[in-house]
Amino acid sequence: MKQFIYADNAATTRLDENAFEAMKPYLLAEYGNASQPYSFSRTAKKALNESRKNIAECIGATPEEIYFTSGGTESDNWAIKSSVLTEANRREIITSQIEHHAILRACEVAEQLGCRVQYLPVDSEGVVSSYALSDCISGDTRLVSVMMANNEIGTIQDIAALVEIAHAHGALFHTDAVQAVGHIPIDVRELGVDMLSASAHKFNGPKGIGFLYVKTGTPLPSYMSGGAQESGMRAGTENVASIVGMATALRNNVEAMEKTAEHLFELENRLLCLLRERQIPFTRNGSEKHIPGNISLSFDGKDGEALLHRLDLMGIYVSTGAACNSEDTQVSHVLQAIALPERLAKGTIRVSLGKDNTAEDVEKIAVALAKMHG
Ligand code: PLP
């Protein structure tokens with residue numbers, strides 16, 4: 001029997017068992033360096049090529065447009081910092097106030113290196129408006145980077161509309177799709193994005209591996225200097241086992257996407273119904289258009305940090321906001337950007353359900369929250 005309830009799937013997910021099985025041969029038997037020319041490396045090389053093809057198919061790209069990285073943080077840093085190195089006469093980046101710190105901190109570095117960065121506001125649901133982008137974009141804008149889905153509140157942006165505005169001004173468009181890939185349908189051609197970041201551990205793949213999609217013809221300097229791997233764009237011996245695990249997990253998630261989403265929306269509704277039945281007053285943050293299972297709940301006058309620890313003692317794992325930020329006790333920048341009153345912001349937890357969660361799990365979460373309101 002399960003001893004605990006894991007409800008922090010926006011922070012990371014459990015490795016898919018098929019992905020684990022697919023990885024094993026490349027750790028134990030087929031451990032050759034995929035870039036070596038001899039026959040022992042052939043299987044690893046083939047697995048690398050197949051994984052690239054598989055991943056590309058899952059997002060509507062071509063294999064040559066997929067560059068493997070160490071995860072979402074690296075992909076985001078690459079996309080943002082490349083703006084500093086290219087086109088000296090276009091030195092402006094536009095991003096949003098609710099981006100993950102992988103984007104925000106990279107933007108700070110870009111600012112230190114002479115770029116101007118503008119941060120778009122969002123509405124109370126966390127939506128970036130096309131009008132706000134139209135108002136501040138100009139011929140100086142080199143890159144617009146807006147996340148596809150927010151990690152704290154789950155809000156999904158209208159990326160295609162924002163891309164249209166960026167392109168009309170000759171700017172490139174990057175999206176941090178770390179919370180979206182493997183969870184909602186994505187077709188890079190339909191969206192029109194020039195770059196897209198993804199991370200395997202958010203879609204039941206292994207940790208420490210991800211990719212950056214770069215549309216053919218997009219001017220992008222190499223990020224990691226060294227060997228000639230990844231067409232000379234990202235040096236470093238390929239992490240074949242993790243890449244195979246990532247491709248397997250993504251394929252599995254994409255194939256089950258519709259069913260998983262249905263299951264998660266049902267669980268979400270169940271949890272909210274139970275809270276209402278038990279007359280626990282709460283505010284749900286975010287938008288109707290959100291990542292399945294991402295539930296940001298604010299309890300007026302409560303302390304989110306204390307709720308997290310009390311739930312922890314009951315074997316229930318949730319987050320107070322951004323996982324990478326749990327050391328930081330300040331009100332999250334995302335909750336500030338949606339102008340959530342401080343009393344609510346401080347009493348916020350994120351329950352992020354995944355495909356392994358059950359109706360019994362959400363019932364236990366509701367019972368536990370009721371105890372904290374007794
Ligand atoms: N971007 C978003 C939206 C995220 O949620 C995360 C992880 O929490 C990252 C980037 C960083 O990804 P990684 O953990 O693969 O470095």
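Just so you know, these numbers use all the heavy atoms, side chains as well, and skip hydrogens, waters and symmetry mates. Indexing begins at 1, ligand by ligand and atom by atom, following the structure's order.
- Looking only at distances, a side-chain donor or acceptor of Q179 sits under 3.5 Å from a matching main-chain atom of A10.
- Contacts between H201 and ligand 1 below 4.0 angstrom, taking non-hydrogen atoms only, involve the side chain exclusively.
- With respect to the salt-bridge test (charged N to carboxylate O, under 4.0 angstrom), the residues R270 and E266 do not qualify.
- Under the 30°/60° scheme for interplanar angles, the aromatic rings of W78 and Y223 are found to lie parallel.
- At a heavy-atom distance under 4.0 Å, only side-chain atoms of M147, from C-beta outward, approach ligand 1.
- Between the side chains of N357 and H263, no donor-acceptor pair of N or O atoms lies under 3.5 Å.
- Using a 4.0 Å cut-off to heavy atoms of S199, the atoms of ligand 1 that qualify are 13 (P), 15 (O).
- Closest heavy-atom approach to atom 11 (C) of ligand 1 within the set N77, D76, I103, T73: this belongs to T73.
- For the pair A11 and ligand 1, the shortest N or O to N or O distance does not fall below 3.5 Å.
- Between the side chains of N285 and S296, a donor-acceptor pair is found at a separation under 3.5 Å.
- Residue-ligand proximity, N151 to ligand 1, at heavy-atom distances under 4.0 Å covers atoms 3 (C), 5 (O).
- Ligand 1 lies less than 4.0 angstrom from a heavy atom belonging to K202.
- For ligand 1 and G71, the ligand atoms under 4.0 Å from any heavy atom of the residue are 15 (O).
- Considering only heavy atoms from C-beta on, D187 stays 4.5 Å or farther from I59 through its side chain.
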